[in-house]
Amino acid sequence: MAEHEASPDALERSGEEYRGFELDDVLHSATEGDTHFCMKVPEDYDGSHPYALFVTLPGWEGLYFQGVGANLEYEDFGVVANEYVPDMIVVAPQLSDWGETSARQTLALVHFMMDAYNIDQQHVYLQGYSGGGVTGSLVMGMEPNLFTAFLHCSSQWDSDLDVLAAARVPIRLSIGEGDEYYGPDSARQAAEELRRRYADARLSEAEIDRLVVLDVKPSDFFASQGITNQHGGGAALFAHDAEIMGWLFGQRADK
């Protein structure tokens, strides 16, 4: 990825609000083009101390061509995040695809936020749902060291694991056993291959368990909560699951 030199002049702010977020801010990057995103900064932010950062990547329904703020309408990951960490900046990009373009734009946006705001680099969290999980897996194959942990929801893994294994960033892969779109096999394979790499590096079983959490939900997890579609239900249920979200925001990096 080409280096992104962020400056305050690169950010265009809209001033419009929805669900506590400023809508349709735009990062203008000479290398990655325009990235549209929604952002929530705590009201008391003054830069005097570092704040955690959470980046949530949307599925297909939340991409920019679906309409401004569609990601906040269909997914609650960003909306509920401050219930876990009140003093946290939340960024919800509205990307254009789930490939390398969006992965590079995500990284450019994270670099910008780290330059423009006082960010606690021990608490930088990434989450992606469905296509956003695919994008997130690409991000973790490029610059995993930027992040404290990655929550991969109802998705598939789509990047080489060597870079992630070298960085040893914790990941959790949460998906339904009957996910209608991706199915759990990709998540299982990614978890198994990553665990194998860590075992070859002679990490302890406890350390491997900390770094790789495979969370395949049984069908009754969804049925008991009135959800019949496991893929779509991943957005509805996982964002409000205290175990899943608590895992993500409970991680701390030693940087």
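Along the sequence shown, residues are numbered consecutively beginning with 1.
With hydrogens and angles disregarded, no donor-acceptor distance shorter than 3.5 Å links the side chain of Glu193 to the backbone of Leu161. Side-chain atoms of Glu75 come within 3.5 Å of backbone N or O of Gly59 as a donor-acceptor pair. Side chain of Asp215 to backbone of Ser174: no donor-acceptor contact under 3.5 angstrom is found. Without hydrogens or angle criteria, Arg104 side chain to Glu32 main chain gives no donor-acceptor distance under 3.5 Å. A donor-acceptor contact shorter than 3.5 Å is absent between the side chain of Glu73 and the backbone of Gly69. Judged purely by atom type and a 3.5 angstrom limit, Ser14 uses its side chain to pair as donor or acceptor with the backbone of Glu16. Panel note: side chain Ser155, backbone Gly131; no donor-acceptor pair is recorded below 3.5 Å. For the pair Ser186 (side chain) and Tyr182 (backbone), a donor-acceptor distance under 3.5 Å is absent.
For Phe249 and Tyr125, the distance between ring centers is under 6.0 angstrom. Aromatic rings from Tyr45 and Tyr51 are positioned such that their centres are separated by under 6.0 Å. Between Tyr129 and Trp60, a ring centre-to-centre spacing not shorter than 6.0 Å is recorded.
In this structure the side chain of Pro170 reaches within 4.5 angstrom of the side chain of Arg210, judged on heavy atoms. Residues Leu57 and Pro93 meet the side-chain proximity criterion, which asks for heavy atoms closer than 4.5 Å. Taking the side chain as every heavy atom from C-beta outward, Leu53 and His123 never approach each other to under 4.5 Å. Phe150 places none of its side-chain heavy atoms less than 4.5 Å from the side chain of Val139. At least one side-chain heavy atom of Met39 sits under 4.5 Å from a side-chain heavy atom of Met113. Annotation: side chain of Val163 is not in contact with side chain of Met142 (no heavy-atom distance under 4.5 Å).
Of all non-hydrogen atoms in Tyr198 and Ala165, the two that sit nearest each other are CE2-O, 3.3 Å. The minimum heavy-atom distance between Ala239 and Val80, with the atom names listed, is O-CG2, 3.3 Å. Contact record, Asn71 with Ala92: ND2-O, 3.1 Å, taken as the closest heavy-atom pair. In terms of heavy-atom proximity, Gly234 sits nearest to Ser154 at CA-OG, 3.5 Å. When all heavy atoms are compared, the tightest approach of Thr101 to Ser96 is CG2-OG, 4.5 Å. In plain terms, the two heavy atoms of Gly67 and Gln94 that are nearest each other are O-NE2, 3.0 Å.
With values rounded to the nearest 0.5 angstrom, Leu248 atom CG is found 10.0 Å from Tyr84 atom OH. Once rounded to the nearest 0.5 Å, the distance linking CG of Leu194 with CD1 of Ile208 reads 9.0 Å. Atoms CG and CZ, from Leu23 and Arg13 in turn, are 12.0 Å apart once rounded to the nearest 0.5 Å. Put simply, CZ on Arg168 and CZ on Arg197 are 13.0 Å apart, with the number rounded to the nearest 0.5 Å. Expressed to the nearest 0.5 Å, how far CZ of Phe37 lies from OG1 of Thr56 amounts to 14.0 Å. Interatomic distance, CD1 of Ile171 versus CG of Leu126, reported as 11.0 Å (0.5 Å rounding).
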Side chain to side chain contact (heavy atoms under 4.5 Å, CB included) between Ser137 and Ser159, worked out:
CA-CA 6 Å; Ser137 74; Ser159 72; 4.3 Å; yes

Stepwise side-chain hydrogen bond (donor to acceptor under 3.5 Å, both in side chains) check, Asn118 with His49:
CA-CA 7 Å; Asn118 189 354; His49 67 276; over 6 Å; no

CA sep, side-chain torsions, deciding dist, call: Tyr64, Gln66, side chain to side chain contact (heavy atoms under 4.5 Å, CB included):
CA-CA 5 Å; Tyr64 189 66; Gln66 301 282 16; over 6 Å; no

I would like to know whether Glu177 and Ser219 meet side-chain hydrogen bond (donor to acceptor under 3.5 Å, both in side chains); could you show each step before the answer?
CA-CA 7 Å; Glu177 65 177 358; Ser219 295; 2.9 Å; yes

Side chain to side chain contact (heavy atoms under 4.5 Å, CB included), that's the test. Do Ile175 and Cys153 meet it? Break it down for me.
CA-CA 6 Å; Ile175 192 168; Cys153 295; over 6 Å; no

Please lay out, stage by stage, how Leu95 and Thr106 fare under the test side chain to side chain contact (heavy atoms under 4.5 Å, CB included).
CA-CA 8 Å; Leu95 303 167; Thr106 297; 3.7 Å; yes

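By the criterion of side-chain heavy atoms lying less than 4.5 angstrom apart, applied directly or through intervening Ile, Leu, Val, Met, Phe, Trp or Tyr residues, Ile244 is grouped together with Ile227 in one hydrophobic cluster. Cluster annotation: Met114 is connected to Val91 through the hydrophobic network of ILVMFWY side chains, with a link wherever side-chain heavy atoms come within less than 4.5 Å. Both Trp98 and Leu109 sit in one connected hydrophobic cluster of ILVMFWY residues. Membership requires side-chain heavy atoms under 4.5 Å apart, directly or through other members. The hydrophobic clustering, which links ILVMFWY residues whose side-chain heavy atoms are closer than 4.5 Å, places Ile89 and Phe21 apart. Put simply, Phe147 and Met88 are part of two different groups of oily side chains (I, L, V, M, F, W, Y) that touch within less than 4.5 Å, one to the next.
A salt bridge links Glu205 with Arg195: the closest approach of a Lys/Arg side-chain nitrogen to an acidic carboxylate oxygen falls below 4.0 angstrom. Using a cut-off of 4.0 Å between Lys/Arg side-chain N and Asp/Glu carboxylate O, Asp185 and Arg188 are scored as salt-bridged. In this structure, Glu192 does not pair ionically with Arg196, as no charged nitrogen and carboxylate oxygen lie closer than 4.0 Å. A salt bridge is absent between Lys217 and Asp179: the closest approach of a Lys/Arg side-chain nitrogen to an acidic carboxylate oxygen does not fall below 4.0 angstrom. For the pair Glu243 and Arg172, the salt-bridge criterion is met [side-chain N within less than 4.0 Å of a carboxylate O]. No salt bridge links Glu22 with Lys40; every basic N to acidic carboxylate O contact stays at or beyond 4.0 Å.
Ring planes of His152 and Trp157: tilted class, angle from 30 to 60°. Note: Phe238 and Phe222 have tilted aromatic rings, judged against thresholds of 30 and 60 degrees for the angle between ring planes.
Between the side chains of Asp25 and His36, no donor-acceptor pair is found at a separation under 3.5 Å. Using modelled atom types, one finds a donor on one side chain and an acceptor on the other under 3.5 Å when comparing Ser102 with Asp97. Between Thr148 and Gln251, the side chains place no donor N or O within less than 3.5 Å of an acceptor N or O (distance only, hydrogens not considered).
In Tyr74, the OH atom is not crowded: 12 or fewer heavy atoms of neighbouring residues, nucleotides or ligands sit closer than 6.0 Å. In Tyr181, the OH atom is not crowded: 12 or fewer heavy atoms of neighbouring residues, nucleotides or ligands sit closer than 6.0 Å.
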